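Remember, it's a predicted structure, so these values are computed and weren't measured experimentally.
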Amino acid sequence: MLLQSLVQQTDSRQSDTPEYYLTRRVMWQIDLSDTDTVNAEPLVIDLRQDQRKITAPYTGRSGSKPAPIPFADTAQFALAHPGLIKGPDGERALSASPADVAKASTRHTAYRDLVTSWCNDHPHLRQAQAVATWLNSGPPAAWPHEMDKDHLVAISVDGEWIHDLPEAKSWWAHEVKKAKSGKAGKGNQGLCLVCGHVMPLLTTLPVPIKGIPNSGMNTQLVCLNQPAHFRAGTKQLGATPICVDCGTKSATALNTLLADPEHRAFADDSAIVWWTRDPDTETDMWTLRDPQPEEVAQLVAGVRHPRRGRDALAVLDENAFHALTLRVNTNRVIVADWITIPVPELKQRLGAWFADQQTWDGWNNTYTYWSVWRLALACARWDKRKNKYVDTTVPKHLQADLTKAALHGAAPPAHLLPVVLQRIRADHHLDRPRLALLRLALIRTTTRHRELCVPQLNPESSEPGYVCGRIMAMLEAIQRKAMPKVNTTITDKYLGTAVVSPRVVLTRLRIGARPHLRTIARTSEPAAKAMDSRLRDVFDLLDTIPAHLNTEQQALFILGYDHQRAHSARAAADAIKAREAGKELAAEQEADALPEATSEEADSSDKTLW
């Protein structure tokens, strides 16, 4: 199913990349002149500073006798360069090892035979004649001092790349298919598991996968080259028959997706690619990386009015969505996750994802949503001195796991909730991404407290953990009111203990709040009475303060703490606006009561202003 989808992806999108070509960084250019080539030395151009990338021939190669690649290969193949080593003074110099010289000579011979074969097949091309004349002159006796054996060298004639010629592209595709199909004969024919036709079968996939973090030059999508991988003693693709066209198209499609920023994202050592059967279909996948409030609000609103039944199933074939998560292990691609769903179902799941992590910012009176990478970063350690997260401490694979939970509509990893709580207790740092993670984990891992997992305050709840969190926020507000310039609040000192064992901490802090209330009463007795009354009302919601809280109750403690603070901040802001509005209304009424100025007085006032 996966390979079939990739083949369909290649068929639906017309790519400009020729078969068995790959974007590579060229470091040296050998420019030949088609006039008087015998007497003219080729022009060697250093392209290292240009960081130039070209679409050049390539196919996977490995082993002790790797095959050459025409027109654009390493200096060892193209120029018989033996390589550089570090000398006693630390500078790099040519290696004098006979083994290195012999290896370079052998590989250059194979390269020369391959390119000469192309020249012989195209004797009418002036470029082929120029290349053949250059190859017949033998390898160079000296190389540029900065050149090393692994540097990519490409050939051109009068500034035109040889590998860009239509004759070079078609010839190279034919050669690769012939080599990858194995020996000619009936044994090479078979039923392809991807397309279902009897076709020439591959022995190995001809195109390596590029673009996955930690991937090498020869990373394979399907690779069976160890005895433990064999089936009935059959190596490589013998047990998984794939025809030449399907193997090429699937690998090419995957490389194209990995190179397109609009269809891939990186998460630690993973790469996530996605596509739709209809290339023009909008998926809203980008919201996982960069959620914008207006677009996210539309997705969340769609959760309340889902398309069901035939409406969703009708678009399955036309708008199928595919997503693939890949990792690499010793040059083998690992398929960590694979999903195929209708696009409307994808949008429903994205909307549910943002609805489950939604938090309310009472200070700014807005709802907040967070990208997957930002949520994963919130599980890292908080550095107080630098005032930022330490990104190297993010749990491994967490970003990819969160993306998987969003796409599948599933619960996040089981370790997420304990990790976030541990970070909050250890760092004494609480921000909106961490609150979003707590709410997301509670909603998707339990149904017992769903009514409490709302973005805003639930004043009627009597759940012990939630109420204890509200009490902590109220006690902190009393302290701040009595001591506006306090440096270290009771939350800074006791939050880590209160979350786990609230009875001891809250009892002690309630006693300590009494002198603060007396301090407040000296300047505003109504405010002190109101704060004391609200605190008593919340305490009355509990039969008794719990001695210990479990993991879920600890998360609810944090949510209750934040909800109460956000609610109080919003109430304070509304009160200030009301007072300001009252003052403006009084000023307008006073202005209406004054007599209108005469024209002479108005002129006088203008003169005074100027």
Side-chain angles (χ1 to χ4, degrees), residues 293 358-369 387 424 428-436 438-439 452-463 465-495 498-499 502 505-506 509-510 512-542 556-588:
Q358 183 186 60
T359 59
W360 183 60
D361 184 354
W363 291 263
N364 299 306
N365 197 23
T366 57
Y367 288 104
T368 58
Y369 308 93
N387 200 34
I424 292 174
H428 297 279
H429 176 74
L430 181 63
D431 55 14
R432 309 230 69 77
R434 284 185 170 179
L435 290 165
L438 291 178
R439 185 164 180 262
L452 294 177
C453 298
V454 292
Q456 298 186 37
L457 180 67
N458 183 353
E460 305 300 327
S461 173
S462 59
E463 204 288 327
Y466 190 81
V467 175
C468 289
R470 291 185 60 193
I471 292 173
M472 189 74 182
M474 288 183 170
L475 292 170
E476 182 187 32
I478 292 173
Q479 183 194 33
R480 287 186 178 277
K481 182 71 173 178
M483 305 170 62
K485 297 182 180 180
V486 62
N487 292 324
T488 304
T489 67
I490 57 174
T491 302
D492 297 330
K493 291 183 178 181
Y494 302 111
L495 179 63
V499 168
V505 176
L506 295 184
L509 293 180
R510 186 179 188 182
R514 294 171 184 170
H516 292 322
L517 290 172
R518 289 196 293 268
T519 301
I520 298 171
R522 295 191 190 103
T523 56
S524 177
E525 187 172 351
K529 289 184 177 180
M531 299 181 82
D532 186 39
S533 176
R534 285 195 292 267
L535 183 62
R536 291 175 182 274
D537 291 341
V538 176
F539 266 107
D540 289 342
L541 295 174
L542 297 174
L556 289 172
F557 182 105
I558 300 296
L559 289 180
Y561 170 78
D562 175 73
H563 288 175
Q564 183 62 53
R565 292 178 70 237
H567 176 79
S568 300
R570 185 73 258 149
D574 291 342
I576 293 173
K577 288 182 179 180
R579 286 198 298 268
E580 292 177 350
K583 291 179 181 179
E584 291 177 359
L585 179 60
E588 292 176 359

- [ ] Verify side-chain contact (heavy atoms from CB on, under 4.5 Å) between Thr488 and Lys493, making sure each step is shown before the conclusion.
- [x] CA-CA 7 Å; Thr488 304; Lys493 291 183 178 181; 3.8 Å; yes

Task: Pairs flagged by salt bridge (Lys or Arg N to Asp or Glu O under 4.0 Å) wherever residues 513-525 is involved - sequence neighbours left out - done: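 Output for this query lists Glu525-Lys529.
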
Looking at [atom1] of [X] and [atom2] of [Y], how far apart are the two atoms once the value is rounded to the nearest 0.5 Å?
X: Glu476; Y: Thr491; atom1: CD; atom2: OG1; result: 3.0 Å
X: Cys468; Y: Leu541; atom1: SG; atom2: CG; result: 10.5 Å
X: Ile490; Y: Leu475; atom1: CD1; atom2: CG; result: 5.0 Å
X: Leu509; Y: Met472; atom1: CG; atom2: CE; result: 5.5 Å
X: Thr359; Y: Asp562; atom1: OG1; atom2: CG; result: 7.5 Å
X: Ile478; Y: His516; atom1: CD1; atom2: NE2; result: 8.5 Å

Side chain of [X], backbone of [Y]: donor and acceptor closer than 3.5 Å?
X: Thr523; Y: Ile520; result: yes
X: Arg439; Y: Gln358; result: yes
X: Arg434; Y: His429; result: yes
X: Glu463; Y: Leu556; result: no

Please examine the side chains of [Y] and [X], heavy atoms only from C-beta on, and report whether any two atoms are closer than 4.5 Å.
X: Leu457; Y: Arg470; result: yes
X: Leu535; Y: Leu517; result: no
X: Asp537; Y: Pro459; result: no
X: Asn365; Y: Trp360; result: yes
X: Leu438; Y: Ile424; result: yes
X: Met474; Y: Arg510; result: no

Task: Residue pair Tyr367 / Gln456, side-chain donor-acceptor N/O under 3.5 Å - done: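 Indeed, the side chains of Tyr367 and Gln456 share at least one donor-acceptor pair under 3.5 Å.
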
Task: N-O pairing of Asp574 and Arg570 below 4.0 Å - done: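 Here Asp574 pairs with Arg570 in a salt bridge, since their nearest N and O are under 4.0 Å apart.
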
Task: Sole candidate of Leu506, Thr489, Val505 that passes side-chain contact (heavy atoms from CB on, under 4.5 Å) when paired with Tyr494 - done: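 Considering Leu506, Thr489, Val505, a side-chain contact (heavy atoms from CB on, under 4.5 Å) with Tyr494 is found only for Val505.
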
Task: For the student: nearest non-hydrogen atoms of Phe539 and Ile471, plus distance - done: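 Between these two residues, the closest heavy atoms are CZ-CG2, 3.6 Å.
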
Open item on the list: Tell me the closest heavy-atom pair linking Phe557 and Ala498, and the distance in Å.
Closed with: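 Closest heavy-atom pair between Phe557 and Ala498: CE1-O, 3.7 Å.
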
Task: Partners passing salt bridge (charged side-chain N to carboxylate O under 4.0 Å, His left out) against Arg534 (at least two apart in sequence or in another chain) - done: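 Per chain and number, Arg534 pairs via salt bridge (charged side-chain N to carboxylate O under 4.0 Å, His left out) with no residue.
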
